[in-house]
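Read the structure below first, then the notes.
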Protein chains: 2
Amino acid sequence: MPAGRKRGFDDQAALQTAMEFFWRQGYEGTSIADLTTALGINPPSLYAAFGSKRDLFEKALGRYMCQRTAQMEEAISKPGVDEAITALLLGRVEVFTDPDLPAGCMTVQSGLSLAKPHADIVEMLAQAREGMRLMVLERLARAVAEGELLPGTSCEALTRFIMTTLYGLSVEAAAGAPKDELIAAANLAIEVVRGMLFQPQGHHVYAQV
Amino acid sequence: MPAGRKRGFDDQAALQTAMEFFWRQGYEGTSIADLTTALGINPPSLYAAFGSKRDLFEKALGRYMCQRTAQMEEAISKPGVDEAITALLLGRVEVFTDPDLPAGCMTVQSGLSLAKPHADIVEMLAQAREGMRLMVLERLARAVAEGELLPGTSCEALTRFIMTTLYGLSVEAAAGAPKDELIAAANLAIEVVRGMLFQPQGHHVYAQV
DNA sequence: CCTATACTGTAGTGAACACTACGAAAATTG
DNA sequence: CAATTTTCGTAGTGTTCACTACAGTATAGG
């Protein structure tokens with residue numbers, strides 16, 4: 001057991017609070033003072049525990065991605081690709097509109113456009129989104145390999161479409177769009193995937209992209 | 001002709017510059033110093049011409065919306081609803097990836113999540129997006145009234161889907177996604193609209209939402 | 001108990017922020 | 001020309017920003 005005075009606050013709870021602040025108010029819109037007053041601690045305690053504001057954001061984003069990618073992996077690993085994408089999109093709508101959390105996706109909400117000195121934050125978020133994209137891309141590639149999707153299907157295009165839908169849903173959810181409309185929009189996106197399913201006895205709804 | 005010394009800079013050019021800064025770096029990420037140094041003027045000149053930073057942003061957003069809604073109206077007013085939505089989505093991809101302008105849509109990029117004192121900016125942008133949504137909604141309602149779309153089509157759901165696609169494309173474009181994939185994603189969204197076209201002699205691709 | 005170690009609160013650091021008071025400079029009007 | 005009006009550059013205002021020096025306090029091992 002390490003010597004020294006024990007920390008007077010819970011790091012994980014503090015990280016959760018920081019995550020939610022960055023998520024709700026963005027990187028630049030969240031000040032250290034916001035966090036310290038919300039946590040009831042003083043700046044030195046925060047800095048000792050997490051380092052700079054940039055470091056804290058990185059850890060908060062890490063916490064977010066850890067939770068979210070787990071949820072997404074679970075949804076996306078369902079057997080049928082249509083079932084997987086359905087679970088993914090509807091699951092995200094559910095999370096984006098969860099009243100106990102900031103609306104939308106943190107990777108979209110917290111730092112799309114920042115001042116030049118914070119370009120690394122923008123890049124950090126872009127890489128987080130890229131990681132999610134690769135998850136979906138791999139899942140679709142597997143579906144093509146397993147013959148679930150039409151042989152000539154462009155996984156890149158379909159993945160980009162799905163990510164586009166997810167990011168758009170984030171923007172809408174954060175602005176307070178009605179949940180039933182978001183679900184309906186997500187279902188329309190799901191129909192696109194269904195339309196590209198390989199149906200030996202039926203006809204194909206879409207020509208390949 | 002008004003008396004007094006003439007302004008030493010072009011207001012419209014300055015407003016364009018401000019618009020691009022807010023667009024590229026966000027509201028909080030753009031400082032008055034950014035603008036004055038870019039314009040080669042001093043703060044009092046900027047404040048005399050445009051008022052506060054909030055006022056300047058409002059005017060810059062007005063300039064943006066004026067340009068964009070004109071483009072969107074033109075695209076959306078095409079005779080067939082599928083042609084209209086196709087022109088809208090592909091036109092937006094073209095604008096979002098225009099190398100001469102900041103990427104994506106200003107209403108999405110410049111202020112999704114800000115500090116609480118700037119909540120009015122977030123609201124301003126949400127209202128701008130709401131205006132665009134109503135444009136699309138009216139167009140789809142017209143298409144239903146004219147019998148172009150399936151009678152039971154939910155215009156709200158389909159509009160929300162289209163807006164979701166637009167916002168998602170903005171996020172992707174700003175992160176530098178390849179233009180051909182954005183076009184492919186937009187085309188998949190367009191197929192959704194095509195699938196809801198009323199086809200008297202054919203079968204209907206989608207059940208109504 | 002003593003020492004070392006780690007955390008805490010106080011009180012600041014300099015820098016950047018939005019914004020402006022003020023006098024000089026340039027333009028029109030009479 | 002003189003008077004008036006508007007803009008301009010200089011040089012600030014107070015506030016907030018991220019961040020920290022330092023001394024005090026609590027915990028551990030010895």
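Chain naming here is simple, since letters A, B, ... match the order of the sequence lines and numbering starts at 1 in each. Predicted model only: the values in this text are computed from it and were never measured.
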Query raised in the report: Looking only at atom types and distance, does a side-chain atom of N42(B) sit under 3.5 Å from a main-chain N or O of P44(B), one as donor and one as acceptor?
Result: no
Query raised in the report: Choosing from dC19(C), dT10(D), dT7(D), which nucleotide comes nearest the side chain of R7(B)?
Result: dT7(D)
Query raised in the report: Between dC7(C) atom P and F9(A) atom CZ, what is the distance in whole Å?
Result: 9 Å
Report summary line: Note: for P43(A) and P2(A) on DNA chain D, the residue whose nearest nucleotide lies more 5' is P43(A)
Report task. Give a yes/no answer on whether the side chain of K6(B) brings an N or O atom under 4.0 Å of OP1 or OP2 in dT28(C). Result -> yes
Query raised in the report: Would one find a side-chain N or O of S45(B) under 4.0 angstrom from OP1 or OP2 of dT7(D)?
Result: no
Query raised in the report: With a non-hydrogen cut-off below 4.0 angstrom, is T36(A) in contact with a base, only sugar-phosphate, or nothing?
Result: nothing
Query raised in the report: Taking it one step at a time, do V193(A) and F161(A) satisfy side-chain contact (heavy atoms from CB on, under 4.5 Å)?
Result: CA-CA 10 Å; V193(A) 178; F161(A) 171 78; 5.5 Å; no
**Report entry** Whole-Å distance separating the NZ atom of K116(A) from the P atom of dC17(C)
**Finding:** 12 Å
Requested in this report: Measure from the side chain of A33(A), starting at C-beta and using heavy atoms only, and say which of dT20(C), dT28(C), dC17(D) lies closest.
Outcome: dC17(D)
Report summary line: Y47(B) atom OH is separated from dC17(C) atom P, nearest whole Å, by 11 Å
Query raised in the report: Taking the nucleotide of DNA chain C with the closest heavy atom to each, which residue, T30(B) or G4(B), is nearer the 5' end?
Result: T30(B)
Report task. Mind calculating the distance between CG (L46(A)) and C1' (dT20(D)) to the nearest angstrom? Result -> 13 Å
Report summary line: Taking dC19(C), dT28(C), dA18(D) as options, the one with an atom nearest any side-chain atom of S31(A) is dA18(D)
Query raised in the report: For F50(A) and dA18(D), what is the distance between atoms CZ and P respectively, to the nearest whole Å?
Result: 16 Å
Query - Pairwise 5' ranking along DNA chain D for R5(B) and I41(B), keeping only the more 5' one - result: R5(B)
Query raised in the report: Can you tell me how far C1' of dA16(C) sits from CD1 of I32(A), to the nearest Å?
Result: 15 Å
Requested in this report: Would you mind telling me which of E28(A), R54(A), E123(A), K53(A) makes a side-chain hydrogen bond (donor to acceptor under 3.5 Å, both in side chains) with H118(A)?
Outcome: E28(A)
Query - Heavy-atom side-chain contact between K179(B) and E94(B) under 4.5 Å - result: yes
Query raised in the report: How close or far is atom C1' of dA21(C) from atom CG of N42(B), stated in whole angstroms?
Result: 15 Å
Query - Spacing between R54(B) atom CZ and dC17(C) atom C1', to the nearest angstrom - result: 19 Å
Query - Lys/Arg cation over aromatic F22(A): R24(A), 6.0 Å, 45° cone - result: no
Report task. Looking only at side-chain atoms of K53(B), point me to the closest of dC19(D), dG9(D), dC19(C). Result -> dC19(C)
